[in-house]
Amino acid sequence: MLPPQEQASARSRRVDLERAASAKTVTTGDITLFVTKWESLAESLRDAKEPPVELLALLERLDSRPAPTLRDITDQEIALLREFAMDGQVSLTRKGA
């Protein structure tokens with residue numbers, strides 16, 4: 001995984017690449033910019049470490065249906081989300097509200 005401070009930059013480059021790839025018309029400059037951004041993203045991802053198995057398992061649980069309740073998530077798992085800057089990607093919804 002990328003360090004938390006680099007994740008936002010990598011996501012932004014990925015969005016830019018997706019936008020450029022879906023363009024209807026392409027110029028030489030567009031291609032040059034695409035290649036530059038792709039190389040930059042590939043470089044940062046090349047050095048990224050694999051996420052811990054515990055984090056992957058937790059993310060899988062959070063994606064499952066029915067979604068786990070806050071009671072089902074431990075303080076250590078919340079700390080793990082925060083450690084890898086994934087806490088901003090998880091939202092809570094109150095049942096019956």
Side-chain angles (χ1 to χ4, degrees):
M1 288 192 72
L2 293 174
Q5 63 274 16
E6 292 181 33
Q7 289 180 18
S9 176
R11 280 191 196 98
S12 176
R13 285 185 296 225
R14 189 196 76 214
V15 167
D16 290 346
L17 288 170
E18 289 170 348
R19 189 177 306 123
S22 65
K24 302 235 186 267
T25 58
V26 179
T27 67
T28 305
D30 293 334
I31 293 170
T32 302
L33 186 59
F34 182 92
V35 169
T36 301
K37 286 190 182 244
W38 182 85
E39 288 173 343
S40 173
L41 181 58
E43 176 81 20
S44 33
L45 292 176
R46 191 172 302 121
D47 299 329
K49 296 177 182 164
E50 288 295 318
V53 174
E54 298 83 8
L55 179 61
L56 293 175
L58 175 57
L59 293 174
E60 224 174 272
R61 279 181 45 222
L62 292 172
D63 286 338
S64 67
R65 295 295 172 248
T69 64
L70 186 56
R71 179 186 305 158
D72 301 324
I73 308 300
T74 67
D75 291 342
Q76 292 83 3
E77 289 171 324
I78 293 170
L80 186 63
L81 290 169
R82 288 188 173 138
E83 179 183 345
F84 289 95
M86 302 293 290
D87 54 330
Q89 298 178 26
V90 177
S91 61
L92 303 173
T93 306
R94 192 172 138 218
K95 289 184 177 184

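By convention here, the first residue in the shown sequence is residue 1.
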remark   = Separation between CZ (Phe34) and CG (Leu17), nearest 0.5 Å, reads 5.0 Å
ask   = Is there a side-chain contact between Arg61 and Glu77 (heavy atoms, below 4.5 Å)?
value = yes
message = With heavy-atom distances below 4.5 Å as the criterion, would you say the side chains of Leu2 and Asp47 are in contact?
response = no
message = Would you say that Val90 contacts Ile73 through its side chain, given a criterion of any heavy-atom pair below 4.5 Å between the two side chains?
response = no
query = How long is the gap from CD1 on Ile78 to OG1 on Thr74, to the nearest 0.5 Å?
reply = 7.0 Å
side-chain contact (heavy atoms from CB on, under 4.5 Å) between Thr27 and Thr32, intermediate numbers included = CA-CA 9 Å; Thr27 67; Thr32 302; over 6 Å; no
request  = List in chain and number order the residues that pass side chain to side chain donor-acceptor pair (under 3.5 Å) with Arg46, two or more places apart in sequence or in another chain; answer none if no residue qualifies.
outcome  = Glu43
request  = Compare all side-chain heavy atoms of Val15 with those of Ser12 and state whether any distance is below 4.5 angstrom.
outcome  = no
inquiry  = Is there a path of hydrophobic side-chain contacts, each under 4.5 Å between heavy atoms of I/L/V/M/F/W/Y residues, joining Leu56 to Phe84?
reply    = no
request  = Show which residues join Val53 in its hydrophobic cluster (side-chain heavy-atom contacts under 4.5 Å, direct or indirect), or state none.
outcome  = none
inquiry  = I'd like to check the side chain to side chain donor-acceptor pair (under 3.5 Å) partners of Ser40; sequence neighbours left out, ordered by chain and number.
reply    = Arg13
key: Backbone of Leu41 reached by a side-chain donor or acceptor of Ser44 within 3.5 Å   = yes
query = What closest approach, in Å, do Leu81 and Leu58 show between heavy atoms, and which atom pair accounts for it?
reply = CG-CD2, 3.7 Å
